[in-house]
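So that the names make sense, note that chain A is the first sequence line, chain B the second, and so on, each numbered from 1.
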2 protein chains.
Amino acid sequence: MTEKEEFCVADFIQTQKKIAPEMVKLLMDRYHILRLISYHQPIGRRSLSAFLQISERVIRKEVNILKDQNLIEIKAEGMNITESGYTSLEVLRSFIHILKNLNSIEEEVAQKLEIKKVIVVPGLYDEDEFILREIGKVASKYFKSILKDHMIVGVTGGTTISMVADEMIEEDLKHHMMIVPARGGLGKNAENQANHITAKIARKLNCPYELLHMPDNISKDLLESLSKDPNTKEVVDYIKQIHVLLFGIGRADKMAKRRGLSNEKIEELNKKCAVAEAFGYYFNLKGKIIEEVNSVGVSLQTYKNIKNPIGVAAGKEKALAIMPISKLNTNLTLIIDEGLAQEILK
Amino acid sequence: MTEKEEFCVADFIQTQKKIAPEMVKLLMDRYHILRLISYHQPIGRRSLSAFLQISERVIRKEVNILKDQNLIEIKAEGMNITESGYTSLEVLRSFIHILKNLNSIEEEVAQKLEIKKVIVVPGLYDEDEFILREIGKVASKYFKSILKDHMIVGVTGGTTISMVADEMIEEDLKHHMMIVPARGGLGKNAENQANHITAKIARKLNCPYELLHMPDNISKDLLESLSKDPNTKEVVDYIKQIHVLLFGIGRADKMAKRRGLSNEKIEELNKKCAVAEAFGYYFNLKGKIIEEVNSVGVSLQTYKNIKNPIGVAAGKEKALAIMPISKLNTNLTLIIDEGLAQEILK
DNA sequence: TCTATAGGGACTATTTAGGTCCCGAAAAAC
DNA sequence: GTTTTTCGGGACCTAAATAGTCCCTATAGA
């Protein structure tokens with residue numbers, strides 16, 4: 001969809017919003033119902049009602065309409081979304097985007113943070129954890145759209161980026177790319193390791209990939225000796241040439257905990273007003289480096305030169321962390337949920 | 001709006017139709033109300049209710065919503081449409097077009113008649129005479145869109161084409177065109193004369209024009225002597241070079257009456273199954289010429305060579321007349337109302 | 001000045017939407 | 001194989017929104 005087309009569709013939707021304002025709520029409600037069914041299928045009336053805080057009777061009415069339109073199937077074991085329902089959901093996503101005027105919010109955020117592009121996903125992650133899946137869908141779509149031949153792609157870890165990988169639709173792009181983890185191992189959850197995500201994305205896009213077999217948090221001596229390992233060296237060389245970096249944005253406090261820093265260290269970071277963590281650096285609100293951890297991953301200098309950094313984040317609590325990160329590289333594309341976008345604009 | 005864009009908008013509308021089917025009636029009703037207000041303003045609740053066959057109470061509710069959206073203004077003397085209302089109406093027109101799937105009907109009609117292009121205007125002229133104004137709007141827009149520099153444009157008479165001229169929006173196209181009447185005087189209504197319409201369109205588009213000072217129906221002797229008149233000759237020469245012809249389509253019987261033919265002649269035409277009249281010729285269903293009237297206007301041969309003939313017609317009764325006319329020149333663009341389109345497809 | 005038509009208020013009848021409970025069937029758990 | 005849970009759907013009643021009706025006052029045009 002080009003910009004101009006979207007504008008034209010926007011005209012239609014704005015006019016409709018004027019002449020039939022009731023429709024907004026109607027569409028949103030049904031969208032939410034359909035979306036939830038697609039996530040939890042097969043699901044029953046009562047569970048839906050509990051999730052959405054809409055009375056069972058109303059759910060029943062709405063669901064019957066969706067059934068009449070062949071968007072869902074109702075069986076004894078619950079409701080399932082149909083093929084037609086899936087495609088409608090896809091279209092509705094853009095619909096809601098325009099309906100909520102998220103385009104202008106995107107522009108505002110981009111302007112405030114002085115970065116290239118912002119994509120806002122409708123919904124509040126803080127109130128609905130499933131928004132993370134939406135973000136994953138949108139981010140993976142955008143990520144795939146900017147991939148080109150012979151690109152070197154880096155990915156970090158974290159639940160958010162893990163979701164991006166999960167929601168990525170398999171597709172053989174036929175590009176000669178290389179996907180590498182942008183940082184070492186961190187924390188205990190195997191699913192959210194950069195290595196694991198790297199492999200998952202590479203499998204979905206049918207791409208070659210390399211893994212980084214070392215912890216993220218590492219002593220200087222060990223870092224040097226490991227760097228002599230030819231395999232590690234290869235990956236580190238790739239990292240230095242990354243064209244596209246898909247990364248999650250972390251709060252300083254939470255990352256410090258996950259890294260297992262000592263309580264004194266955490267206290268110190270707090271005192272110095274560290275709000276964000278990225279690539280082994282801790283930043284204060286103004287983007288100043290407060291603490292630096294030895295890391296084999298992307299260095300600050302490398303990051304600053306990346307052509308296409310894609311930051312993904314969900315939840316209001318990330319607002320402060322985003323501020324300094326966006327100061328590092330103006331090429332940044334940020335993919336966030338609506339709640340976070342509102343928080344940033346405050 | 002390009003084809004591709006329309007397709008995209010159509011996607012949105014079809015999806016919306018699925019997920020919120022109630023919206024169709026809602027939009028249509030409000031569109032009709034808004035349209036009627038724009039035609040009759042200032043108009044009151046009760047008159048609107050009588051026109052639309054909707055109870056006064058319902059009109060009142062709908063009208064209040066339109067007022068809340070600033071689409072209309074309500075004063076003591078009646079309701080008036082606002083600027084915002086006008087632009088919404090414009091967008092809604094295309095909206096309804098897609099909603100009713102008129103694109104596919106247009107294609108069907110074009111295929112059946114084997115002509116270049118068909119534009120179907122939503123609504124039934126036979127049930128709502130104001131549809132003629134809609135047709136006028138659409139036809140004048142299309143007419144203007146194909147005009148180019150140095151074109152010679154011909155226009156015929158009739159109520160339909162007169163409406164096209166009325167609804168044409170003034171605009172100085174800066175083209176060096178020449179507008180001429182495509183036929184002589186006919187009948188008694190001054191407003192509907194080709195001359196009058198020619199002058200009106202020329203004034204709206206700020207173009208030079210010529211008039212044809214002679215009756216359409218003329219004896220051979222008189223035709224020859226008048227043709228020697230230098231002014232007449234000039235116009236006749238223009239007519240032979242017409243690039244764009246804007247013409248109405250007439251039923252044989254009605255045109256015969258308007259021409260003032262004798263009852264015997266009319267009877268004769270009836271016997272020979274004349275259904276259509278154009279440029280002084282009477283045709284049967286198969287496109288065969290049944291009767292030829294001496295005429296200074298566009299000859300059959302001239303018509304067949306016109307690059308851009310635009311035929312405009314409203315009402316089911318024109319269906320049979322359209323058949324033979326469309327056989328004469330495959331470049332024909334036909335602009336008709338929905339009811340007539342349905343009739344043609346029967 | 002009179003009359004026709006305007007919008008708006010108010011009350012009532014009617015329809016529709018929503019809350020609640022129950023039932024039999026079918027999975028799921030045991 | 002049996003029990004338990006969860007499913008959709010039917011039934012019924014109340015609350016609420018919607019629509020019908022009538023009346024009033026203001027205003028524009030004859």
Problem - Minimum heavy-atom distance between A:Ile335 and A:Ala139, given as atom pair plus value - result: CD1-CA, 3.6 Å
Practice task
For the pair A:Gln41 (side chain) and A:Ser38 (backbone), establish whether a donor and an acceptor sit closer than 3.5 Å, ignoring hydrogens and angles.
Solution key: yes
Practice task
Check the pair B:Phe51 / B:His32 against ring pair (Phe, Tyr, Trp, His ring centres under 6.0 Å), numbers first and verdict last.
Solution key: CA-CA 10 Å; B:Phe51 265 115; B:His32 285 131; over 10 Å; no
Completion exercise
Winner on side-chain proximity to B:Arg60, out of D:dA19, D:dG9, C:dG9, is C:dG9
Fill in the blank from the handout: Rounded to the nearest 0.5 angstrom, the CG-CD1 distance for A:Asp68 and A:Ile74 is 8.5 Å
Handout entry: side-chain N/O A:Lys75 vs D:dC7 OP1/OP2, d < 4.0 Å
Key = no
Check the interface with nucleotides 12-17 of chain D: list each N/O to N/O pair with the protein under 3.5 Å, or write none.
none

Exercise for the section: Return the nearest nucleotide to the side chain of A:Val58; candidates are D:dC22, D:dG9, C:dG18. Expected result: C:dG18
Practice task
Look at the aromatic rings of A:His40 and A:Phe130 and report parallel, tilted or perpendicular, splitting at 30° and 60°.
Solution key: perpendicular
Completion exercise
NZ (A:Lys346) and CD (A:Glu343) are apart, to the nearest 0.5 Å, by 4.5 Å
Handout entry: Reported CE-to-NZ distance for the pair A:Met23 and A:Lys18, which is rounded to 0.5 angstrom
Key = 13.5 Å
Problem - Value in whole Å for how far the C1' atom of D:dT6 lies from CE of A:Met79 - result: 12 Å
Exercise for the section: Please state how far atom CZ in A:Arg45 lies from atom P in C:dT20, giving the value in whole angstrom units. Expected result: 14 Å
Exercise for the section: Mind checking B:Ile59 for me? I need base, sugar-phosphate or nothing, with any heavy atom below 4.0 Å counting as a touch. Expected result: nothing
Handout entry: Between C1' of D:dC7 and CD1 of A:Ile43, the distance in whole Å
Key = 12 Å
Handout entry: A:Phe51 CZ to D:dT6 P, straight-line distance once rounded to whole Å
Key = 13 Å
Handout entry: B:Ser55 vs D:dT18: side-chain N/O to OP1/OP2 distance below 4.0 Å
Key = no
Problem - Distance in angstrom units between A:Glu56 CD and D:dC7 C1', rounded - result: 11 Å
Are any protein N/O atoms closer than 3.5 Å to N/O atoms in nucleotides 24-29 of chain D? If there are, list each pair with its distance.
none

Practice task
Mind calculating the distance between CG (A:Asn64) and C1' (D:dC7) to the nearest angstrom?
Solution key: 14 Å
Completion exercise
When rounded to whole Å, the CG to C1' distance for the pair B:Leu66 and C:dG7 reads 15 Å
